[in-house]
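Within every chain, numbering begins at 1; the chains are lettered A, B, ... in the order of the sequence lines, protein sequences first and strands thereafter. Worth knowing before you read on, the calculation uses all heavy atoms, side chains too, and leaves out hydrogens, waters and symmetry mates.
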2 protein chains.
Amino acid sequence: MPRIAKYDRDKALESAVNLFWERGYGGASMKQIEQALDMRPGSIYATFGSKDGLFREALDVYAGRMSRSLAEAMATAPSTMGGVFNYLRSLTGEITAPDSPARACMVVKTLLEVTEDQQELRALVNERLQAVEDHLTGLLEQAHQRGELKADVDCRRLARLIQAQIMGLRSLAQRDIAVEDIKILAEDIITALGAFTQDPVSH
Amino acid sequence: MPRIAKYDRDKALESAVNLFWERGYGGASMKQIEQALDMRPGSIYATFGSKDGLFREALDVYAGRMSRSLAEAMATAPSTMGGVFNYLRSLTGEITAPDSPARACMVVKTLLEVTEDQQELRALVNERLQAVEDHLTGLLEQAHQRGELKADVDCRRLARLIQAQIMGLRSLAQRDIAVEDIKILAEDIITALGAFTQDPVSH
DNA sequence: GTATAACTTGAGTGATCACTCAAAAACAGC
DNA sequence: GCTGTTTTTGAGTGATCACTCAAGTTATAC
């Protein structure tokens, strides 16, 4: 049994995340996957079933990372929107790291890549984004009850607006643009979102 | 000479835009292109040089459409930011039309699709997005001089923020989401951008 | 030490990729 | 209606695509 199941599997998945995040599903060939995972085709197919199966697992790993990153940022702030602003700021640091496979979000890249003949993958992506929206909506509803948000704010609408902000920030960051300008954009997004908070945004 | 040059060339390009916009560069095969343009490979290569050449021309056509659409929206508003809000509202109508190849922007889809071994295409996309930013910056500077924006607003920063809003709106619209919710998101984006205007946003 | 099971290997599968080019077809000039 | 030029055609190019499987290797069981 040359393969120590759990450890090597997770290590391979991490490599798959990095490759798919950088190149997308269609942009990553099996030859590149073999090289990135240091596995031969037979092993890959025995372990993950198909390129599709590997990608779905990689997307899950990536989504898990995202959720964890958001949860950490929320935990270090006294208010919910403060946590969101924390997240936007820490995000700019993460995506501009020199070893980041891409600045844009892997889930959004997949959302824009999938065609109608990949309905299952499209459904998976939609579920992931819906889950983020739902989670964020719940957090905002608590904040709303604590009086952190303006009284007439619709929490689900605000959750979607925040998700759109993250998509916009990270997509624009994919342009040939300086790190400093991305940080500035994040601050401007925070300023704009201040329209929905009770207290004025601090800088 | 069975091909009436100009007319058929433009018609073919329109078809190419629709196919590439929907499926992306890598997602559109030559077989699908042949079918969409109703041309055989030899004619396509004689006319456009390569798949890459065809895509670049299609991207130009699309970018031209975008610019025209923005200019029209700006023309029907008394103020610059009012024109931007007009554009965001008309955009939701355009991208939710049943015959729209995709809701997300073709330029952004390309931006997120291209890898580092496609530097020329990446450069072309960056140029197009930079041109939009520059154009918007110029318009906002006029508005700033007319006192339409808050005194401390940086017009280039605001232009980038607006571009990020468009990217975010159209990317989120690519989700499995109702048309009405996209319109609501556009209104919330307009509200958020109100943080930078002198006069309060009207609804 | 031997048998059995678990797993990896990598050459090879047919299909599809972007692309080519000799031959046929459709035109213009006269 | 014939000639010369331009354009279209579509079978065919080698390369690469995702994927398979018989054979080989490495582990465990006893």
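Looking at the side chain of A:Y45, the nearest of the listed nucleotides D:dT8, C:dC19, D:dC19 is D:dC19. Proximity note for B:S29 (side chain, C-beta onward) versus D:dC19, C:dC17, D:dC17: the nearest is C:dC17. For B:S43, counting side-chain heavy atoms from C-beta on, the closest listed nucleotide (D:dC19, C:dT8, D:dT8) is D:dT8.
Rounding to whole angstrom units, CG of residue B:D52 and C1' of C:dC17 are separated by 15 Å. B:I33 has its CD1 atom 7 Å from the P atom of C:dA18, to the nearest Å. One interatomic measurement links the two molecules: CG of B:D8 to C1' of D:dT6, which rounds to 15 Å at whole-angstrom precision. A straight line from OH of B:Y25 to P of C:dC17 spans 13 Å, rounded to a whole angstrom. Between the CD atom of A:E34 and the P atom of D:dC19 there is a distance of 11 Å, rounded to whole Å. Going from atom CE of A:M30 over to atom C1' of C:dG12 covers 15 Å, rounded to whole Å. Put simply, CE on B:M39 is 14 Å from C1' on D:dG10, counting in whole angstrom units. Straight-line distance from the CZ atom of B:F55 to the P atom of C:dC17: 17 Å, rounded to whole Å.
Mapping A:P41 and A:Q32 onto DNA chain D via the closest heavy atom, the residue that lands nearer the 5' end is A:Q32. In terms of position along DNA chain D, the nucleotide closest to B:R40 lies nearer the 5' end than the nucleotide closest to the other residue of the pair B:R40 and A:K31. Comparing B:G42 and B:K51 by the nucleotide of DNA chain C whose heavy atom lies nearest to each, the residue mapping closer to the 5' end is B:K51.
Under the 3.5 Å distance criterion, the side-chain polar atoms of B:K109 are left unmatched by any main-chain donor or acceptor of A:E113. Listed for the B:K150 side chain is no donor-acceptor partner under 3.5 Å among the backbone atoms of B:H144.
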Next item on the list: Check the pair A:E14 / A:N18 against side chain to side chain donor-acceptor pair (under 3.5 Å), numbers first and verdict last.
Entry: CA-CA 6 Å; A:E14 290 292 323; A:N18 288 342; 5.7 Å; no
For residues 161-171 of chain A, dump all side-chain donor-acceptor pairs below 3.5 Å to protein atoms at least two apart in sequence or in another chain.
{"residue": "A:Q163", "atom": "OE1", "partner": "B:R175", "partner atom": "NH1", "Å": "2.6"}
{"residue": "A:Q163", "atom": "NE2", "partner": "A:L129", "partner atom": "O", "Å": "3.1"}
{"residue": "A:Q165", "atom": "OE1", "partner": "B:Q165", "partner atom": "NE2", "Å": "2.8"}
{"residue": "A:Q165", "atom": "NE2", "partner": "B:Q165", "partner atom": "OE1", "Å": "2.8"}
{"residue": "A:R170", "atom": "NE", "partner": "A:R103", "partner atom": "O", "Å": "2.9"}
{"residue": "A:R170", "atom": "NH1", "partner": "A:Y62", "partner atom": "OH", "Å": "3.2"}
{"residue": "A:R170", "atom": "NH2", "partner": "A:Y62", "partner atom": "OH", "Å": "3.2"}
{"residue": "A:R170", "atom": "NH2", "partner": "A:R103", "partner atom": "O", "Å": "3.3"}
{"residue": "A:R170", "atom": "NH2", "partner": "A:A104", "partner atom": "O", "Å": "3.4"}
{"residue": "A:S171", "atom": "OG", "partner": "A:M167", "partner atom": "O", "Å": "2.8"}

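Interatomic distance, A:L139 CG to A:L158 CG, rounded to the nearest 0.5 Å: 11.0 Å.
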